[in-house]
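Worksheet: one structure, shown below.
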There are 2 protein chains.
Amino acid sequence: MTLISLADVQAAAERIRGGIVRTPLVPTLWADRLWLKPENLQVIGAFKIRGALNAVGKLAPEVRARGIISHSSGNHAQATALAARHYGVKAVAVMPEGSPRVKVERTRALGAEVVIVPPQDREPRTLALAEEHGYVIVPPFDHPDVIAGQGTIGLEILVDLPSAGTVLVPTGGGGLVSGIATAVKALSPETRVIAVEPKFAAELQESLEVGERVTWPVDRTYRTIADSVRVGVSELTLAHIRERVDGVLTVTEDQIRHAVRTLATESRLVAEPGGAIAVAAYLAHSGSLPPGDVVAVVSGGNIDPPRLAEILGETLDGP
Amino acid sequence: MTLISLADVQAAAERIRGGIVRTPLVPTLWADRLWLKPENLQVIGAFKIRGALNAVGKLAPEVRARGIISHSSGNHAQATALAARHYGVKAVAVMPEGSPRVKVERTRALGAEVVIVPPQDREPRTLALAEEHGYVIVPPFDHPDVIAGQGTIGLEILVDLPSAGTVLVPTGGGGLVSGIATAVKALSPETRVIAVEPKFAAELQESLEVGERVTWPVDRTYRTIADSVRVGVSELTLAHIRERVDGVLTVTEDQIRHAVRTLATESRLVAEPGGAIAVAAYLAHSGSLPPGDVVAVVSGGNIDPPRLAEILGETLDGP
């Protein structure tokens, strides 16, 4: 399987420059040697605009002009809608019945045509629409151009903190950690890149232990509050992770909630549970991390206000 | 009265570079032509580190070595403590009885010696300690070096968005808006700089109408939830504002709460009420602002978690 290269990530950085927020690295007073990469500050509230913008931008103009289609119940629909708008082309978002109304509305507000289907029809309907109209499918993580776009975060981290010792990355489908590891390990081989998963959706950890890609049934991964990382890796992302990622850490539900609360109260950042798991890993495992500065990617912030209010109201002990 | 100059702000930018977060300008999807300057991302959760770091940095080393003293119940105590730590000198924070425990603890955690006194003794005790030990007093806003430090925000805004049409600035003591207006009006005279106050603490608006500095009694300004901007301007900041600020807008308590909620849910930023009033002014008055892009400074994010939870749980209509 062909892996993406540092050059792919560097080309992506050039391509997406005008369409993303160049997020800073933010130090913390509440944790020793911890820096945050707040990707929740992207206008759609998550890093996914980077990959979508790179994938859409890389298309030949005449292909792109046919329109873009994605299927997603979450942040990826908004990412592809915004990327299509950036290039002035049509976007279609296939979303499952029962998607949060706010996500449907936001996707529509970005100019996308939203097609609501029964959950099991998402993929076939997407394929059918793509075939019928010539739309280009932009997948959420299982594509080299998407992975290269997410990797631009790794380039930025090393510009801002060349001495980074460890980079902790929230991991579901694995596009984010695959891209970041590609950039970071090429430029700074001694920096550790660690994937972080909820214990309740630790398919990557099990896949690496077993030696082949393992997926868990939905009723198992749905036990975690971290909705955005319930999905498992693909063969493509698993290949990148095997080659370039230094390890996997897992976190409990209490640790995730504690991280969401700490980010809001101590660093003034609203993170969704899946976006806070790298910080949770720092809080739970900092003693066992190698020496040097630690960067935790805060990958997204799309949390329902009542859920955030509930977590802020909890009295949580440290992990 | 001598006003600070653009050169003072530019020198401040050079001086504080290594000690602050270089915050980005963040566009929004939920408001037309609105950009946010998220100063709540500074490690102490507020812009005040800029002014404190400039004031402490500008001292002659042998003077600075005697130590720094401040009196504050809020963000300024942490700002001076962090600035003193940055230069490796002693900090003393005189704080009133009844200060929130978390603020006292955070100030101590930054290495400052905290002296708790009855509220009415804050200023005399600070003066007495300064005289006895030779400490240098760093005031929260009424000092040219503090104003110049806050002004660095204006330089950054124009680097990131040279075409900014209007800059909205939360205003209490007036150091922030004085500094920003100094930088912005010198570099881009056609950009409007507007001070924003709560209606319940609109001392600046009244001062400008009356033609002299007006202060309101504490029981009047304490009606606003926006604790960080309850204080009125000084003669020094009023002189800057008269000369360089284009106008004043005021906002209601409902508008402030709506802005706090919108920042958290739509832009993933935790803002304190006083830090959200520029956004409140945009939401309430955007129709009457001149054409062009609008920048709202989000000046701080130190809000009690129960208060934030309460606001997130509210169903608020738009302003």
Side-chain angles (χ1 to χ4, degrees), chain A residues 19-31 34-36 38-46 49 78 81-82 85 102 105-107 109-111 156 160 261-272 275 298 300-316, chain B residues 19-31 34-36 38-46 49 78 81-82 85 102 105-107 109-111 156 160 261-272 275 298 300-316:
Chain A
I20 60 157
V21 176
R22 201 316 191 166
T23 53
L25 270 192
V26 181
T28 63
L29 288 178
W30 49 272
L34 177 65
W35 299 71
L36 306 173
E39 285 294 304
N40 56 337
L41 299 186
Q42 299 297 341
V43 293
I44 58 157
I49 183 58
Q78 289 175 67
L82 182 59
R85 190 177 83 169
V102 60
E105 281 169 3
R106 285 181 181 173
T107 306
L110 286 166
E156 293 175 8
D160 291 351
R261 187 178 208 277
T262 302
L263 282 167
T265 58
E266 305 289 323
S267 283
R268 275 67 63 175
L269 291 169
V270 174
E272 61 192 78
V298 179
N302 292 318
I303 183 172
D304 285 334
R307 170 58 60 82
L308 178 59
E310 169 200 320
I311 291 175
L312 287 169
E314 290 170 356
T315 306
L316 291 163
Chain B
I20 60 157
V21 175
R22 202 313 192 166
T23 53
L25 270 193
V26 182
T28 62
L29 288 177
W30 49 271
L34 178 65
W35 299 71
L36 306 172
E39 285 295 303
N40 55 337
L41 298 186
Q42 299 298 341
V43 292
I44 59 158
I49 184 58
Q78 289 174 67
L82 182 59
R85 191 177 83 169
V102 61
E105 281 170 2
R106 285 180 182 175
T107 307
L110 285 166
E156 294 175 7
D160 291 351
R261 187 180 207 277
T262 303
L263 282 167
T265 58
E266 304 290 322
S267 282
R268 276 64 66 173
L269 291 169
V270 174
E272 61 191 79
V298 179
N302 292 318
I303 184 172
D304 285 335
R307 171 57 61 82
L308 178 59
E310 170 199 318
I311 291 175
L312 287 171
E314 291 170 357
T315 306
L316 290 163

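Throughout, a chain's letter reflects where its sequence line sits, starting with A, and its residues are numbered from 1.
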Please classify the contact between A:Arg85 and chain B as side chain, backbone, both or neither, with a heavy-atom cut-off of under 4.5 Å. side chain

Let me confirm one number: the CD-CG distance from A:Gln42 to B:Leu29, rounded to the nearest 0.5 Å. 10.5 Å

Which bit of A:Thr265 is near chain B, if near means a heavy-atom gap under 4.5 Å: side chain, backbone, both or neither? both

Heavy-atom closest pair (A:Val21 atom, B:Pro27 atom, distance to 0.1 Å) is CG2-CD, 3.7 Å

Of the backbone (N, CA, C, O) and the side chain (C-beta and beyond), which part of A:Leu110 lies under 4.5 Å from a heavy atom of chain B, both, or neither? side chain

If you define the side chain from C-beta out and look only at heavy atoms, does anything of A:Thr23 sit under 4.5 Å from B:Pro24? no

If you count heavy-atom pairs within less than 4.5 Å of chain A, which of B:Leu25, B:Val26, B:Leu308, B:Ile44 leads? B:Ile44

In terms of heavy-atom proximity below 4.5 Å to chain B, should A:Val43 be classed as side chain, backbone, both, or neither? both

Under a 4.5 Å heavy-atom cut-off, does chain B meet the side chain of A:Pro306, its backbone, both or neither? neither

Between B:Ser267, B:Gly45, B:Ala109, B:Ala271, who has the most heavy-atom pairs with chain A when the cutoff is under 4.5 Å? B:Gly45

Minimum heavy-atom distance A:Val270-B:Ala264, with the two atoms named: CG2-O, 3.7 Å

Name the region of A:Glu310, side chain, backbone, both or neither, that has any atom closer than 4.5 Å to a heavy atom of chain B. neither

The reported gap from CD in B:Glu266 to CZ in A:Arg106 (rounded to nearest 0.5 angstrom) is 4.0 Å

Kindly compute the distance separating CG (B:Leu41) from CZ (A:Arg268), expressed to the nearest 0.5 Å. 8.5 Å

